[in-house]
Amino acid sequence: QNSMGARLHELENLILDFWSQLENIGLTDEEIMALDWGAACDEVSLPLHNTLSTTFYEVNSRYNELKMDEDSIAVGDIIRELKKIIEEGKELILRSYPLKYLFVDEFQDTDNAQIKTIAWIQSVNKLQLFVVGDRKQSIYRFRGAVETAFDKLRESISADVKLNEFTLNRNYRTSVDVLDSLDLLFRKWEQEGLLKLGISLSAQKKHKGIFSLQEVIRSERIYKDRTI
């Protein structure tokens, strides 16, 4: 262990994890530099706190220099550049193919930066916006996606834009037993405040199916398998 109370590989993993989160939410260089890391709670944690509060800006600067030297761009840079355009109030110029409609599928997997970008593109170009998704299928939280994506969109869209919501209540793919079992699980999450479920789905397929739930608790390394 070093003076920061952690082994080198543990410190590297911690920094990489933080870096991944910053990439996921699309922070700009200026936002990374302005991050508020708070204060160290004691003398023991002070070295680690100082390292984290200075490392990311330095790493980001070197990373940008490397991309400039290699004439390269990362996927995350696209969202960051769009974010800068939005914040600076520049207009998007569409020279060749004027757009009328904007379609976004799997909307439940968008992050805050992407949601703001979509809302801005719609506003600047006065587009008809269609988003399709299912918050129960949101699986990209590790990449910055938010389960409240649809609520965030409502907040980002101009108040004078009328939003119409359509709910598909019939499921044509899943058997009734599986759907009913999942509904019980989703209702439990709804009661715990983890999910806004709304209307339960009805199954088109009436034949029986098998539902298997595996619960993994990493911290205690407990694996449970339950078949309904």
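On a predicted model such as this, the values are computed, not experimentally measured, just so you know.
- Heavy atoms from other residues, nucleotides or ligands lying under 6.0 Å from CG of Leu66 number more than 12.
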Could you check Arg187 against Glu190 for salt bridge (Lys or Arg N to Asp or Glu O under 4.0 Å), going step by step and ending with a plain yes or no? CA-CA 5 Å; Arg187 288 299 174 190; Glu190 185 179 45; 2.7 Å; yes

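- The CG atom of Asp177 lies 11.0 Å from the CG atom of Leu182; values are rounded to the nearest 0.5 Å.
- Counting heavy atoms from C-beta outward, Ser138 and Asp109 have side chains that approach closer than 4.5 Å.
- Thr148 is linked by a side chain to side chain contact (heavy atoms under 4.5 Å, CB included) to Val146, Asp151, Lys152, counting only residues two or more places apart in sequence or in another chain.
- A donor-acceptor pair is defined here as one N or O able to donate and one able to accept, closer than 3.5 Å; such a pair exists between the side chain of Gln122 and the backbone of Leu127.
- Between Lys67 and Tyr63 the shortest side-chain heavy-atom distance falls below 4.5 Å.
- At distances below 3.5 Å, not a single donor-acceptor pair connects side-chain atoms of His49 with backbone N or O atoms of Asp42.
- In this structure, the side chain to side chain contact (heavy atoms under 4.5 Å, CB included) partners of Ser61, at least two apart in sequence or on a different chain, are Tyr57.
- The CZ atom of Arg135 lies 11.0 Å from the CZ atom of Phe107; values are rounded to the nearest 0.5 Å.
- Scanning both residues, Lys205 and Arg173, for their nearest heavy atoms gives NZ-O, 3.3 Å.
- In this structure, Leu163 and Leu129 have side chains that are not in contact, with every pair of non-hydrogen atoms separated by 4.5 Å or more.
- One finds the CG atom of Asn112 at 8.0 Å from the OG atom of Ser156 (value rounded to the nearest 0.5 Å).
- More than 12 heavy atoms of other shown residues, nucleotides or ligands fall within 6.0 angstrom of atom CG in Asn164.
- Contacts of Trp37 classified as ring-ring contact (aromatic ring centres under 6.0 Å, His included), with partners at least two apart in sequence or in another chain: Phe18, Phe56.
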Under the side-chain hydrogen bond (donor to acceptor under 3.5 Å, both in side chains) criterion, do Asn169 and Thr167 qualify, and how do the steps go? CA-CA 6 Å; Asn169 298 323; Thr167 303; 5.1 Å; no

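- Val178 and Leu201 are not part of a single hydrophobic cluster, where members link through side-chain heavy atoms under 4.5 Å apart.
- For Arg170, the side-chain hydrogen bond (donor to acceptor under 3.5 Å, both in side chains) partners two or more places apart in sequence, or in a different chain, are Gln204.
- The two atoms that bring Thr110 and Ala149 nearest to each other are OG1-CB, 3.8 Å, heavy atoms only.
- Asp111 places a side-chain N or O within donor-acceptor distance of the main-chain N or O of Ala113, the cut-off being under 3.5 Å.
- Both Ile118 and Val161 are part of a single hydrophobic cluster, where members link through side-chain heavy atoms under 4.5 Å apart.
- The line from OG of Ser158 to NZ of Lys126 is 7.0 Å long, rounded to the nearest 0.5 Å.
- Contacts of Thr54 classified as side chain to side chain contact (heavy atoms under 4.5 Å, CB included), with partners at least two apart in sequence or in another chain: none.
- Shown here is Glu192, whose CD atom has more than 12 heavy atoms of other residues, nucleotides or ligands within 6.0 Å.
- For the atom pair OG of Ser202 and CG of Asp183, the computed distance is 10.5 Å after rounding to the nearest 0.5 Å.
- Looking only at distances, no side-chain donor or acceptor of Gln191 sits under 3.5 Å from a matching main-chain atom of Lys188.
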Applying side-chain contact (heavy atoms from CB on, under 4.5 Å), run through Leu168 and Asp134 and close with a yes or a no. CA-CA 10 Å; Leu168 302 179; Asp134 181 357; over 6 Å; no

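- In the hydrophobic clustering of this structure, Leu46 does not group with Leu11; members are Ile, Leu, Val, Met, Phe, Trp, Tyr whose side-chain heavy atoms approach within less than 4.5 Å, directly or through other members.
- Under a hydrophobic clustering in which Ile, Leu, Val, Met, Phe, Trp and Tyr are joined whenever their side-chain heavy atoms come within less than 4.5 Å, directly or via other members, Val176 and Leu184 fall into different clusters.
- Between Glu165 atom CD and Phe150 atom CZ the span is 8.0 Å, to the nearest 0.5 Å.
- In this structure, a donor-acceptor pair under 3.5 Å is absent between the side chains of Asn50 and Ser53.
- Taking every heavy atom of both residues into account, Glu43 and Pro47 meet most closely at O-CD, 3.4 Å.
- Phe130 and Ile157 end up in different hydrophobic clusters when Ile, Leu, Val, Met, Phe, Trp and Tyr side chains are linked at under 4.5 Å.
- Of all heavy-atom pairs spanning Ala119 and Leu153, the tightest one is CB-CD1, 4.5 Å.
- Pairing each heavy atom of Ser175 with each of Ala203, the nearest pair is C-CB, 4.2 Å.
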Solution key, residues 99-106 side-chain donor-acceptor pairs under 3.5 Å, sequence neighbours excluded:
from, atom 1, to, atom 2, distance (Å)
Glu106, OE1, Gln108, NE2, 2.7

